[in-house]
Amino acid sequence: QVQLVESGGGLVQAGGSLRLSCAASGLSFSRYYMGWFRQAPGKEREFVAAITWRFGATRYVDSVKGRFAISRDNTKNTVYLQMNSLKPEDTALYYCTASESDLGPGKTSDYWGQGTQVTVAS
């Protein structure tokens, strides 16, 4: 049974930082693309960032480039999202996801976590 468990969300002031973690189990983590999506109230879920399994190449939605950084530790089956210079518009439920194929905007994925809430106060 595949499980993705997110942690690290919370309330932060604008300009602050948070680090999200996602611990994976029940899958061959080192062979999966890993990513983060988010969903704000009243909006559709959107792609945030992804990292490949083979070379650790990363991609980001334009709105977070230069502020967020995704990374993975295959020895710990964990993917991270370092979020700096947070803005109120970053407020959302952040989901971890694992996919056997490439991740990106509009793409589907195989497994999802339950989400961790990030709230950025102005």
Side-chain angles (χ1 to χ4, degrees):
Q1 180 182 359
V2 175
Q3 283 193 312
L4 301 176
V5 180
E6 302 100 333
S7 61
L11 172 64
V12 65
Q13 295 291 317
S17 298
L18 284 173
R19 188 193 195 203
L20 306 184
S21 300
C22 172
S25 61
L27 76 169
S28 298
F29 180 82
S30 62
R31 301 301 297 268
Y32 274 76
Y33 296 82
M34 298 298 298
W36 293 90
F37 283 67
R38 66 186 179 187
Q39 187 167 19
K43 295 187 177 181
E44 292 186 354
R45 186 157 55 184
E46 69 164 347
F47 169 81
V48 176
I51 186 166
T52 65
W53 61 269
R54 191 165 190 174
F55 299 112
T58 59
R59 65 190 304 183
Y60 301 90
V61 67
D62 286 347
S63 60
V64 308
K65 284 181 180 177
R67 299 189 298 123
F68 290 12
I70 188 171
S71 61
R72 64 190 297 160
D73 186 338
N74 288 344
T75 66
K76 296 181 179 179
N77 286 6
T78 301
V79 63
Y80 305 96
L81 185 67
Q82 177 67 44
M83 305 185 296
N84 300 324
S85 302
L86 282 160
K87 304 176 180 180
E89 51 264 42
D90 294 318
T91 294
L93 190 60
Y94 283 70
Y95 295 93
C96 174
T97 187
S99 175
E100 292 188 21
S101 55
D102 194 20
L103 282 169
K107 292 184 180 291
T108 60
S109 189
D110 298 309
Y111 304 104
W112 296 89
Q114 293 298 307
T116 184
Q117 179 67 38
V118 172
T119 302
V120 184
S122 57

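Nothing fancy with the numbering, it's 1 onward along the sequence.
In this structure a side-chain-to-backbone donor-acceptor pair under 3.5 Å is present from R67 to S63. No donor-acceptor pair closer than 3.5 Å links the side chain of E6 to the backbone N or O of T116. Using a distance-only test at 3.5 Å, with no hydrogens or angles considered, a donor-acceptor pair links the side chain of T52 to the main chain of A57. Listed for the Q39 side chain is no donor-acceptor partner under 3.5 Å among the backbone atoms of A92.
Proximity of K107 to Y33: side-chain heavy atoms (C-beta onward) are nowhere separated by under 4.5 Å. Annotation: side chain of M83 is in contact with side chain of L20 (closest heavy-atom distance under 4.5 Å). Taking the side chain as every heavy atom from C-beta outward, Q117 and T91 approach each other to under 4.5 Å. L86 is listed as a side-chain neighbour of F68, based on a closest heavy-atom distance under 4.5 Å. Using a 4.5 Å cut-off on side-chain heavy atoms (C-beta onward), W36 and V79 make contact. Using a 4.5 Å cut-off on side-chain heavy atoms (C-beta onward), Y80 and R19 make contact.
Across all non-hydrogen atoms, the minimal contact from Y60 to A49 is CD2-CB, 3.5 Å. Closest approach of S99 to S101, counting heavy atoms only: OG-O, 2.7 Å. Across all non-hydrogen atoms, the minimal contact from M34 to A98 is SD-CB, 3.5 Å. Closest heavy-atom contact between Y32 and Y111: OH-CE1, 3.8 Å. Considering all non-hydrogen atoms of both residues, G113 and Y95 come closest at O-CD2, 3.5 Å. S17 and N84 make their closest contact through OG-OD1, 2.9 Å (heavy atoms, listed as atom of the first residue, atom of the second, distance).
L18 contributes atom CG, which lies 8.5 Å from atom CD of Q82 (distance to the nearest 0.5 angstrom). Note that the CZ atom of R45 and the CG atom of L93 stand 9.0 Å from one another [nearest 0.5 Å]. Taking CD from Q114 and CG from L4, the interatomic distance works out to 9.5 Å, rounded to the nearest 0.5 Å. The OG atom of S30 sits 11.5 Å away from the CG atom of D73 when rounded to the nearest 0.5 Å.
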### Task
Please step through side chain to side chain contact (heavy atoms under 4.5 Å, CB included) for the pair R38 and V64, ending with a clear verdict.
CA-CA 12 Å; R38 66 186 179 187; V64 308; 4.0 Å; yes

### Message
I'd like to know whether K76 forms a side chain to side chain contact (heavy atoms under 4.5 Å, CB included) with F29, so could you lay out the CA-CA distance, the side-chain angles of the two residues, the decisive distance to 0.1 Å, and finally the verdict.
### Response
CA-CA 9 Å; K76 296 181 179 179; F29 180 82; over 6 Å; no

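A salt bridge does not link D90 to K87: none of the charged side-chain nitrogens sits closer than 4.0 Å to a carboxylate oxygen.
Taking hydrophobic clusters as Ile, Leu, Val, Met, Phe, Trp and Tyr residues chained together by side-chain heavy-atom distances below 4.5 Å, V2 shares a cluster with F37.
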